[in-house]
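Values reported hereafter were calculated over all heavy atoms of this structure, with side chains retained and with hydrogens, waters and symmetry mates removed.
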Amino acid sequence: MSDNSTPSPSPAHIVGEGYDFQAIRTSLNGNNAPPHFVIHELGVIKGVCLGLMWNPLAESDPCEVWVGKKGDLPKWGAKLAETKGPLPVYVRREEGGKWFFIGLHEVTGTTVESAELWRRIKPPTITGISRVVFMKRC
């Protein structure tokens, strides 16, 4: 990522409360553009939204973000891995449900090692992972 500036960690959201996606994107001033697992503006990641169906360890500490292989997902996964400073993280526990704010997290590491990626494959839902980004609560 060319701009590693610290994102603003100030969503007006309460840990444990659920929100709809549009409210999250609006509060973080994010662009209405994919990929939607990262809320971003002008190439800067401002927040992370993780569905448990695709990221089953999203509520663990450390949190794991399993980045897919399709389209621009790998590029945005690399940007997330390079992001410095706290990011608000939201988790959707059921398909179509609310996104729950689980607090501010920061990136602590990443892996693209094939053995680590293969360990996380869970067909039929998760069939391809390009990277795992590890995040810890601030």
Side-chain angles (χ1 to χ4, degrees):
M1 177 156 105
S2 58
D3 181 359
N4 282 350
S5 62
T6 301
S8 171
S10 57
H13 293 155
I14 299 166
V15 172
E17 292 293 317
Y19 302 91
D20 71 14
F21 185 77
Q22 183 58 40
I24 295 166
R25 185 172 50 220
T26 299
S27 76
L28 297 175
N29 296 318
N31 295 347
N32 184 10
H36 298 294
F37 84 96
V38 288
I39 306 294
H40 55 92
E41 180 185 38
L42 302 174
V44 176
I45 295 174
K46 304 179 90 183
V48 182
C49 290
L50 304 171
L52 288 181
M53 180 176 191
W54 305 103
N55 296 276
L57 299 178
E59 292 189 280
S60 299
D61 198 11
C63 162
E64 290 190 12
V65 180
W66 296 2
V67 180
K69 289 184 168 186
K70 293 181 183 174
D72 283 345
L73 293 176
K75 175 183 92 171
W76 283 97
K79 284 185 180 197
L80 177 60
E82 295 170 357
T83 300
K84 306 290 184 217
L87 289 171
V89 176
Y90 300 82
V91 172
R92 185 169 66 184
R93 297 177 179 129
E94 56 188 44
E95 201 61 32
K98 294 264 186 199
W99 294 90
F100 291 90
F101 180 48
I102 62 168
L104 297 176
H105 289 63
E106 58 189 354
V107 174
T108 59
T110 189
T111 185
V112 295
E113 187 179 311
S114 57
E116 287 298 311
L117 302 180
W118 275 104
R119 250 181 4 96
R120 291 164 171 85
I121 299 294
K122 306 224 182 288
T125 305
I126 302 169
T127 58
I129 299 172
S130 64
R131 160 187 310 272
V132 176
V133 178
F134 302 99
M135 300 181 79
K136 186 155 185 61
R137 287 180 182 88
C138 296

> Do the side chains of Val132 and Val67 join up, straight or via other hydrophobic residues, at under 4.5 Å, putting them in one cluster?
Replying inline: no

> Between Ser130 and Val112, what is the shortest heavy-atom contact and its length?
Replying inline: O-CG1, 3.6 Å

>> Measuring from atom CE of Met135 to atom CD1 of Ile102, what distance do you get when rounded to the nearest 0.5 angstrom?
In response: 9.0 Å

>> Quick check: closest heavy atoms across Tyr19 and Ile24, and the distance to 0.1 Å?
In response: CB-CG1, 3.9 Å

>> Can you tell me how far apart NZ (Lys69) and OG1 (Thr127) are? Round to the nearest 0.5 Å.
In response: 8.5 Å

> Can you name the nearest heavy-atom pair linking Gly77 to Phe37, along with the distance?
Replying inline: N-CZ, 4.1 Å

> Given the rule that I, L, V, M, F, W and Y join up when any side-chain heavy atoms are under 4.5 Å apart, are Leu73 and Val48 in one cluster?
Replying inline: yes

>> Restricting to non-hydrogen atoms, name the atom on Leu87 and the atom on Ile45 that form the minimum distance, rounded to 0.1 Å.
In response: CD2-O, 3.5 Å

> Phe100 and side-chain contact (heavy atoms from CB on, under 4.5 Å): which partner among Glu17, Arg93, His13?
Replying inline: Arg93

>> Do Val91 and Cys63 make a side-chain contact, defined as non-hydrogen atoms from C-beta onward lying under 4.5 Å apart?
In response: no

> If you round to the nearest 0.5 Å, how far is CD1 of Ile121 from CD1 of Ile129?
Replying inline: 4.0 Å

> For Arg137 and Ser60, which heavy atoms make the closest approach, and how far apart are they?
Replying inline: NH1-O, 3.9 Å

> With side chains defined as the heavy atoms from C-beta onward, is the minimum distance between Glu64 and Phe134 less than 4.5 Å?
Replying inline: yes

> Can you check whether Leu28's main-chain N or O pairs, donor with acceptor, with Lys46's side chain at less than 3.5 Å?
Replying inline: yes

> In Å and rounded to the nearest 0.5 Å, what is the CG to CZ distance from Leu57 to Arg120?
Replying inline: 7.5 Å

> So, do Trp66 and Trp54 sit near enough that their side-chain heavy atoms are less than 4.5 Å apart?
Replying inline: no

> If we only count heavy atoms from C-beta on, is the His40 to Pro35 side-chain gap below 4.5 Å?
Replying inline: yes

> Which atom pair, heavy atoms only, marks the closest approach of Phe101 to Val89?
Replying inline: CD1-O, 3.4 Å

> Is there a side-chain contact between Lys122 and Thr125 (heavy atoms, below 4.5 Å)?
Replying inline: no

>> Within the 4.5 Å heavy-atom criterion, are Ile126 and Pro56 side-chain neighbours or not?
In response: yes

> Checking Asp20 side chain against Ala23 main chain: does a donor-acceptor pair fall under 3.5 Å?
Replying inline: yes

> Charged N to carboxylate O below 4.0 Å: is that the case for Glu116 and Arg119?
Replying inline: yes

>> Using the rule that Ile, Leu, Val, Met, Phe, Trp and Tyr join whenever any side-chain heavy atoms are under 4.5 Å apart, tell me whether Val38 and Met53 fall into a single cluster.
In response: no

> What distance separates Lys136 NZ from Leu104 CG, expressed to the nearest 0.5 Å?
Replying inline: 14.0 Å

> Nearest 0.5 Å, what's the CG-CG distance between Leu42 and Asn29?
Replying inline: 10.5 Å

>> Between Tyr90 and Lys98 (side chain of the first, backbone of the second, donor and acceptor by atom type, cut-off under 3.5 Å), is there such a pair?
In response: no

> Do you reckon Val107 sits in the same ILVMFWY cluster as Val65, going by side-chain contacts under 4.5 Å, direct or chained?
Replying inline: yes

> Above 12 or not: heavy atoms from other molecules or residues under 6.0 Å from CD of Glu94?
Replying inline: no

>> Count I, L, V, M, F, W, Y as connected when their side-chain heavy atoms are under 4.5 Å apart, and connections chain through other members. Are Trp118 and Val133 then in the same cluster?
In response: no

